[in-house]
Undergrad: 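Dumping the structure here so I can ask a few things about it.
Atom set for the values below is all heavy atoms of this structure, side chains included, hydrogens, waters and symmetry mates excluded. Since the structure is predicted, the reported quantities are computational estimates derived from the model, not experimental observations.
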Amino acid sequence: MEKKIVNNYGSFDKVFVKGKNATLFDDSGRRYTDFIAGIGVNCLGHDYKPLVKAIQRQAAREIHISNYYLSDAGLAFADELLAATGFDGGYFGNSGAEANEAAIKLARKYGFLNGGERRHVIYTLEQSFHGRTIATLTATGQDKFHPACFAPYVEGFKTIRPNDWDAIQTAFDDTTAALFIECVQGEGGVNLVDAKWAQAAAEAARSAGAIVMTDEVQTGMGRCGTLLAGEQLGFNPDVVTLAKGIAGGIPMGACLFRGKAAHVFAAGDHQSTFAGNPLACAAGRVVLKTLTAPGFFDEVNRKGEYIRNTVKNWNIPIVTDVRGKGLMVGIEIAHSVNPFNIEVKCMDEGLCVSTAGSDVVRFLPPLTISDKEIERGLEIFHQVLLQFVK
């Protein structure tokens with residue numbers, strides 16, 4: 001497939017044909033345990049019946065109408081999502097990068113309205129990842145995502161080191177439009193952001209006249225054990241971006257805003273042909289209803305804690321750290337072993353995982369993963385790790 005489409009993906013030579021919850025089957029009928037869920041997208045797993053039925057019903061009624069008009073599915077999902085998250089308004093898009101582009105444009109306009117052209121700088125964190133468009137690549141705080149072949153990059157982005165208390169004392173001034181934080185740095189290595197530091201950084205940015213934004217493309221929609229991971233950091237961002245799991249597998253993103261950021265966008269400022277189409281919104285309603293059911297997040301946190309504690313208790317020497325929140329898990333590997341080689345071996349043995357940063361194996365299983373599927377996946381992972389111990 002890769003040769004026929006593009007050579008960007010670096011895909012495994014594997015063709016999957018169907019799935020059930022956290023289990024996938026390839027075209028030969030072989031079973032795999034899915035610990036990556038489409039990079040956190042399939043939050044309700046594969047073949048989740050309420051989601052399938054909602055998509056089927058909506059497809060028979062109305063798939064797309066364009067943003068010249070409103071849809072009942074779109075209006076309903078907007079109301080439900082805003083009520084659940086506590087935001088005042090929002091923009092629907094098709095991906096995380098698009099959601100972050102919307103946030104960047106909102107921040108730039110906010111800065112212009114509250115300081116003119118001078119207030120345009122957006123601060124992100126070192127080791128962050130915000131997308132693969134030119135603007136979101138520039139916002140990404142990792143040099144490896146800034147190759148010379150894509151230059152020149154967009155001016156007006158700066159980075160600070162997460163959890164660095166000295167950095168926030170001098171970073172923000174009257175040129176700062178926004179501070180943009182990932183609540184957990186997923187692609188950077190599942191790195192945790194200290195809540196007290198995040199609160200202090202947000203306060204410092206706001207004192208300088210900036211707004212505060214969180215990138216919850218990967219951490220949001222229950223991934224970290226609360227609807228928004230920012231709830232655990234405690235600084236009430238003005239803007240949040242969502243994608244990945246928001247519609248359970250249908251491409252969708254969202255940029256939500258409130259307070260000082262609520263009325264920045266005007267008609268025509270930011271649009272997308274496919275944004276908020278009824279099919280995605282119908283799927284999103286099922287996802288939100290499922291996630292907010294009583295006890296759902298308790299189970300997410302229980303399963304995530306069990307996975308982390310189990311891997312820690314193995315005491316395998318090449319595992320140097322196990323961290324994460326909810327069902328976002330990072331296993332740091334000693335520098336003597338390439339995590340990608342572990343990913344490849346896991347695939348050979350029937351387990352889908354991914355890597356993050358330079359030294360981390362990452363788990364992002366469906367939030368609905370069963371205990372039996374967890375045990376099956378951990379058994380494979382354990383055996384694979386032992387093969388790399390010398």
Side-chain angles (χ1 to χ4, degrees), residues 85-88 99-100 103-104 106-108 110-111 113-115 118-130 136 138-142 156-220 223-242 255-262 264 301 321 323-326 328 330 332 356-357:
T85 57
F87 283 80
D88 299 330
N100 286 341
I104 289 167
L106 189 153
R108 288 284 176 83
Y110 173 85
L113 295 175
N114 293 273
R118 177 176 175 79
R119 187 181 289 278
H120 69 281
V121 175
I122 298 173
Y123 273 90
T124 62
L125 305 187
E126 293 180 12
Q127 294 304 115
S128 61
F129 179 83
H130 296 287
T136 55
T138 313
T140 292
Q142 300 184 61
F157 290 93
K158 295 182 179 180
T159 59
I160 55 174
R161 184 177 296 109
N163 305 329
D164 184 337
W165 287 87
D166 292 335
I168 61 177
Q169 303 305 314
T170 57
F172 313 115
D173 56 24
D174 62 357
T175 68
T176 309
L179 169 64
F180 200 10
I181 294 177
E182 279 183 292
C183 298
V184 178
Q185 295 182 312
E187 298 297 329
V190 193
N191 305 317
L192 303 183
V193 176
D194 178 74
K196 292 188 180 300
W197 180 87
Q199 293 166 21
E203 182 179 358
R206 285 171 170 148
S207 295
I211 57 173
V212 178
M213 312 192 298
T214 51
D215 177 344
E216 295 229 33
V217 167
Q218 188 169 146
T219 61
R223 174 55 55 185
C224 291
T226 48
L227 185 60
L228 300 180
E231 297 172 33
Q232 302 172 46
L233 296 182
F235 59 84
N236 296 321
D238 306 292
V239 177
V240 64
T241 59
L242 301 166
C255 176
L256 309 183
F257 29 81
R258 61 186 168 195
K260 294 185 293 185
V264 173
N301 286 310
D321 191 24
R323 55 182 178 262
K325 291 182 178 181
M328 186 174 186
E332 186 174 306

Undergrad: If you define the side chain from C-beta out and look only at heavy atoms, does anything of L227 sit under 4.5 Å from T85?
TA: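 Side-chain contact under 4.5 Å: yes.
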
Undergrad: Can you tell me how the ring of F180 sits relative to the ring of H130, calling it parallel under 30°, perpendicular over 60° and tilted otherwise?
TA: parallel

Undergrad: Going from CZ on R119 to OH on Y110, what distance comes out if it is rounded to the nearest 0.5 angstrom?
TA: 7.0 Å

Undergrad: Checking side-chain contact (heavy atoms from CB on, under 4.5 Å) against V184, which of N191, L233, L192, V193 comes through?
TA: L192

Undergrad: Using a 3.5 Å distance criterion without hydrogens, assess whether the side chain of D321 forms a donor-acceptor pair with backbone atoms of E332.
TA: no

Undergrad: Between V121 and D173, is any pair of side-chain heavy atoms under 4.5 Å apart?
TA: no

Undergrad: CD1 of I122 to OG1 of T159: how many Å apart, nearest 0.5 Å?
TA: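 Between atom CD1 of I122 and atom OG1 of T159 there are 13.5 Å.
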
Undergrad: Checking W197 side chain against D164 main chain: does a donor-acceptor pair fall under 3.5 Å?
TA: yes

Undergrad: Indicate the atoms forming the closest heavy-atom contact of G259 with D88, along with that distance.
TA: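 Taking every non-hydrogen atom into account, N-OD2, 3.2 Å.
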
Undergrad: Under 3.5 Å, side chain of R108 to main-chain N/O of H120, donor-acceptor pair present?
TA: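 Confirmed, R108 side chain pairs with H120 backbone.
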
Undergrad: Determine whether a donor-acceptor pair (N or O, by modelled atom type, separation under 3.5 Å) exists between the side chain of R161 and the backbone of E126.
TA: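 No, R161 side chain to E126 backbone: no donor-acceptor pair under 3.5 Å.
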
Undergrad: Rounded to the nearest 0.5 Å, how far apart are OH of Y123 and OG of S128?
TA: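 One finds 13.5 Å between OH of Y123 and OG of S128.
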
Undergrad: Minimum heavy-atom separation for A261 and V239, please, with both atom names.
TA: CB-CG2, 3.7 Å

Undergrad: For the CD atom of Q218 and the OG1 atom of T241, what is their distance to the nearest 0.5 Å?
TA: 11.5 Å

Undergrad: Is the number of heavy atoms from other residues, nucleotides or ligands within 6.0 Å of CD (Q199) greater than 12?
TA: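 Counting neighbours around CD of Q199, more than 12 heavy atoms of other residues, nucleotides or ligands fall under 6.0 Å, so yes.
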
Undergrad: Look at the side chain of R258 and the backbone N and O of D238, then say whether any donor-acceptor pair between them is shorter than 3.5 Å.
TA: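 Absent.
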
Undergrad: Taking T214 for the side chain and V240 for the main chain, is one N or O donor matched with an acceptor at less than 3.5 Å?
TA: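 Answer holds: no.
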
Undergrad: Heavy atoms only: give me the nearest M328-G186 pair and the separation to one decimal.
TA: CE-CA, 3.4 Å

Undergrad: Keeping the roles fixed (side chain from Q185, backbone from F129), state whether a donor-acceptor pair exists under 3.5 Å.
TA: no

